[in-house]
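So the structure is just underneath, and the comments pick up after that.
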Amino acid sequence: MTHSSHSGEPRPSASPGTPPDTPPGAPPDPAAFRTAFEAARLAMALIDGAGRVVVANQALGRLLGAPAAELTGTPVTALAGIGLDDRARADCQAVLEGRSTGMSLTHRLKHEDGRSLWTEVTVVPADRTAPRPGAGAGDRPAPRPGTALLSVADVSERHDLRRRLRRLQTHDPVTRLPNRILFFERLSAALTGSATGRVGLCYLDLDGFKAVNDTLGHRIGDRLLAAVARRLRRCAEPGGHLVARLGGDEFALLAEASTGTQPLTELAQRMLAALQQPFDLAGHRLAVSASIGVVERPVAGTTATELMQAADTTLYWAKADGKARWTLFDPERNAHRVARQTLSSTLRPALESGEFALEYQPIVCLHDETVAGVEALVRWRHPQFGTLGPNQFIGLAEENGAIVPLGRWILAESCRQARRWQLERPDLPLYVSVNVAVRQVWDSDLVADVAAILEETGLPAGLLQLELTESAVMGSAGRPLKALQALSDMGVRIAIDDFGTGYSNLAYLSRLPVRGLKLDGTFVRGFRTAQTVNPADETIVTSLVQLAHNLGLTVTAECVEGSAQADRLRRIGCDTGQGWHYSKPVPPDRISRLLVAGGRP
């Protein structure tokens with residue numbers, strides 16, 4: 001049932017904060033506000049336009065350790081740390097003068113009982129009711145010069161929670177060291193404000209840690225990481241350096257104010273020595289070592305990314321050089337690495353854009369010095385690095401797999417050129433010898449490629465020789481051996497390149513479909529002249545030639561550089577020779593002119 005007034009109209013409800021008997025529109029009772037102000041748990045004070053306390057409540061008195069009445073007349077800049085900071089003072093003054101709608105700061109206060117409190121101090125105008133001149137109904141009121149309200153809230157719990165969360169976010173739970181987040185924050189700060197203008201970094205990786213995890217389990221592995229962290233921290237403490245765990249078994253020591261390369265490398269050596277001492281953990285005596293990459297440079301012009309890339313590269317060098325050592329960043333070595341990466345990444349596009357070319361080196365019959373064949377040698381006409389020989393990029397091609405399309409192109413181009421020579425001089429059949437990487441046998445159908453190329457070019461199979469290194473064919477079984485046999489059955493010649501430098505398992509010579517051996521140049525160089533013949537080299541070459549001939553194989557001597565070598569090899573019984581004594585690798589038109597001249601270089 002709805003209650004109504006005598007006149008039958010509803011009685012208006014009371015405004016919030018207004019006593020029930022207060023007529024509508026009447027101002028609030030000041031006494032009620034005074035009571036609420038005094039009883040509030042939030043520490044507060046009313047500040048006049050001159051910046052002095054008009055009245056403070058009991059909560060503020062308790063917080064500051066003084067009776068509230070005694071705070072009257074105290075300058076606001078003397079309260080809650082406001083006067084300790086120039087900016088805070090200026091912001092507070094702006095509020096008092098009506099130029100700002102409020103200011104706040106977080107400050108640590110010492111309580112009267114000795115406790116430290118984190119407080120949030122706020123100063124806002126006490127009267128915000130005056131609208132801006134010409135403002136609309138929904139616009140925010142403008143501050144006016146005059147009184148202001150100071151409030152001081154205890155935010156210690158919130159601050160401690162944030163601090164704990166921050167620590168969880170920035171520290172590793174296993175080693176309690178700073179993690180990647182904090183490390184990179186400190187690194188960025190060092191690069192913008194190093195006291196010495198230089199920064200240093202030791203990037204460390206444990207050698208053999210995976211074996212500990214795999215054999216003893218992650219619990220022991222974690223205990224080992226914690227023990228390693230303690231030793232690293234002891235090494236870093238005298239210099240005040242930061243030690244962080246970046247992940248896994250990787251650690252970093254940051255010298256935020258480096259004083260040069262020597263102190264940093266000495267520190268790296270101390271860390272190595274500390275880690276080489278055995279670790280006794282849960283009944284296990286563990287021995288580990290570390291590899292450390294050391295980088296030191298001016299902060300000017302250095303970015304965090306560049307510094308970490310240099311450190312990572314240097315750590316890789318330390319491991320590649322034998323582990324259990326530190327290695328200092330070397331700009332020249334790094335330039336070589338960058339060049340290798342550039343070449344590796346551009347190999348396939350270079351093949352597509354036609355940057356490769358072939359040159360041919362004659363293979364000469366030693367008994368009459370006529371050309372029997374040529375070896376195809378690839379060149380890379382690089383737009384940045386100039387002409388590159390195969391030793392500068394073939395290894396990279398084998399690593400990234402580009403050797404398969406590159407090898408297919410070399411094979412096809414060589415066969416096309418050999419077919420042209422055959423048509424030019426059918427009376428002087430010239431075979432072309434092409435190097436084949438073992439990855440071409442595994443990663444492609446070499447037999448199908450050779451068959452298709454021979455059919456496409458029209459080159460007889462007998463005029464193609466494929467050279468494989470001794471290490472690639474010795475021990476061959478399964479697919480490689482079947483491929484070699486299929487190629488030999490097709491009529492293609494198979495030769496072992498650099499014979500005498502690999503496994504030298506002679507038993508395989510009788511089982512492989514090999515037609516010829518190419519002796520490595522190290523044997524031939526031993527007797528360049530008649531006066532400098534190395535008896536051991538001559539004995540080895542003589543024995544190898546005799547063995548090859550007994551097995552029905554031909555022998556080609558590489559690196560023939562003078563007539564004395566050629567004469568000696570002829571008397572020993574070598575079949576063919578190849579080297580600068582006869583000709584350097586030359587473009588195909590030079591071989592064409594040689595054939596026109598009768599086939600003598």
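From a predicted model like this one, the values you see are computed outputs, not experimental measurements.
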How close do [X] and [Y] get, heavy atom to heavy atom, and via which atoms?
X      : Y      : value
Gln392 : Leu343 : O-CD1, 3.9 Å
Asp205 : Leu315 : CB-CD2, 3.7 Å
Leu191 : Val299 : O-CB, 3.7 Å
Gln440 : Gly407 : NE2-CA, 3.4 Å
Pro75  : Arg52  : CG-NH1, 3.4 Å
Ala45  : Phe37  : CA-CZ, 4.1 Å

A quick test of your reading: do over 12 heavy atoms of other residues, nucleotides or ligands sit less than 6.0 Å from [atom1] of [X]?
X      : atom1 : answer
Arg333 : CZ    : yes
Gln262 : CD    : no
His336 : NE2   : no

With distance as the sole test, does [X] use its side chain to make a donor-acceptor pair with the main-chain N or O of [Y] at under 3.5 Å?
X      : Y      : result
Glu306 : Thr303 : yes
Ser100 : Gly102 : yes
Arg223 : Ala226 : no
Arg439 : Glu399 : yes
Arg325 : Lys323 : yes
Arg379 : Ala357 : no
Asp172 : Asn179 : no
Ser194 : Ala190 : no
Thr119 : His107 : yes
Ser353 : Ala350 : yes

Report the C-alpha separation of Asp214 and Lys210 in whole Å, then their side-chain angles, then the decisive distance to 0.1 Å, and conclude whether the salt bridge (Lys or Arg N to Asp or Glu O under 4.0 Å) test is met.
-> CA-CA 6 Å; Asp214 292 346; Lys210 185 177 184 300; 2.7 Å; yes
Would you tell me whether [X] and [Y] have side-chain atoms, one donor and one acceptor, within less than 3.5 Å of each other?
X      : Y      : value
Glu120 : Thr106 : no
Thr469 : Asp497 : no
Arg62  : Gln58  : no
Ser344 : Asn400 : yes
Thr387 : Arg381 : yes

Measure from NZ or CZ of Arg231 to the centre of the six-membered ring of Phe279 and say whether it is under 6.0 Å with the direction within 45° of the ring axis.
-> yes
Taking the six-membered ring of Phe329 as reference, does the NZ or CZ atom of Arg297 fall below 6.0 Å from its centre and within a 45° cone about the axis?
-> yes
Test log, rule salt bridge (Lys or Arg N to Asp or Glu O under 4.0 Å), inputs Glu355 and Arg348 | CA-CA 10 Å; Glu355 294 179 12; Arg348 293 177 187 269; over 6 Å; no
Side chain to side chain contact (heavy atoms under 4.5 Å, CB included) between Val378 and Glu413, worked out = CA-CA 10 Å; Val378 64; Glu413 185 62 25; over 6 Å; no
Please walk me through it: do Gln341 and Arg337 pass side chain to side chain donor-acceptor pair (under 3.5 Å)?
-> CA-CA 6 Å; Gln341 289 178 338; Arg337 178 191 66 87; 3.2 Å; yes
Given the rule in the salt bridge (Lys or Arg N to Asp or Glu O under 4.0 Å) test, do Glu38 and Arg34 qualify, once you have shown the distances and angles that lead to the verdict?
-> CA-CA 6 Å; Glu38 291 291 345; Arg34 178 78 183 199; 3.6 Å; yes
Start with the C-alpha distance between Asp207 and Ser291, add both sets of side-chain angles, then the distance that settles side chain to side chain donor-acceptor pair (under 3.5 Å), and finish with yes or no.
-> CA-CA 7 Å; Asp207 304 321; Ser291 301; 2.9 Å; yes
Applying salt bridge (Lys or Arg N to Asp or Glu O under 4.0 Å), run through Glu296 and Arg198 and close with a yes or a no.
-> CA-CA 7 Å; Glu296 202 276 345; Arg198 302 187 69 85; 2.7 Å; yes
Walk me through it: do Ile410 and Asn435 pass the test side chain to side chain contact (heavy atoms under 4.5 Å, CB included)?
-> CA-CA 9 Å; Ile410 293 171; Asn435 290 276; over 6 Å; no
Apply side chain to side chain contact (heavy atoms under 4.5 Å, CB included) to Arg164 and Leu161, showing your working.
-> CA-CA 5 Å; Arg164 289 196 296 271; Leu161 177 60; 4.0 Å; yes
Would a line drawn from the ring center of Phe393 to the ring center of Phe356 be shorter than 6.0 Å?
->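 Yes, the ring centres sit under 6.0 Å apart.
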Quick one: do Val212 and Leu286 satisfy side chain to side chain contact (heavy atoms under 4.5 Å, CB included)? Show the steps, please.
-> CA-CA 8 Å; Val212 174; Leu286 304 177; 4.1 Å; yes
